[in-house]
Amino acid sequence: MKDNEYKPKQLLTKREKEVFELLVQDKTTKEIAQELFISEKTVRNHISNDMHTIIKQY
């Protein structure tokens, strides 16, 4: 494999990144859910997954 072909594994999914970006913009769970057309429970799951993934790296 050539060096320029290497793609590191992404830590977060595309959706988890979207949720995280809105979270750091100080959006509420309800606001994030409405903006992404998902349930508040799903938003909370993504936040939990994000935190677990980030903490696991340290």
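In this text, all values refer to a predicted model and were calculated from it rather than measured experimentally. Atom set for the values below is all heavy atoms of this structure, side chains included, hydrogens, waters and symmetry mates excluded.
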So salt bridge (Lys or Arg N to Asp or Glu O under 4.0 Å) across residues 31-40, not counting sequence neighbours, yields Lys27-Glu35
Check: Thr53 and Leu12 side chains under 4.5 Å, non-hydrogen atoms:
yes
Output for pair (Leu23 CG, Asp50 CG), nearest 0.5 Å, gives 8.0 Å
Taking side chain as C-beta onward, heavy atoms only, is Glu18 less than 4.5 Å from His46?
no
**Prompt:** Checking side-chain contact (heavy atoms from CB on, under 4.5 Å) for the pair Ile54/Leu11: CA distance, chi angles, key distance, verdict?
**Reply:** CA-CA 8 Å; Ile54 292 168; Leu11 294 178; over 6 Å; no
Side chain to side chain, Val43 and Ile38, heavy atoms closer than 4.5 Å | yes
Is there side-chain contact between Phe20 and Met51, with at least one heavy-atom pair below 4.5 Å?
yes
**Side chains of Leu36 and Thr42 in contact at under 4.5 Å (non-hydrogen atoms)** = no
Rounded to the nearest 0.5 angstrom, the CD-CG distance for Gln34 and Leu22 is 12.0 Å
Ser48 versus Asn45: any side-chain heavy-atom pair under 4.5 Å? no
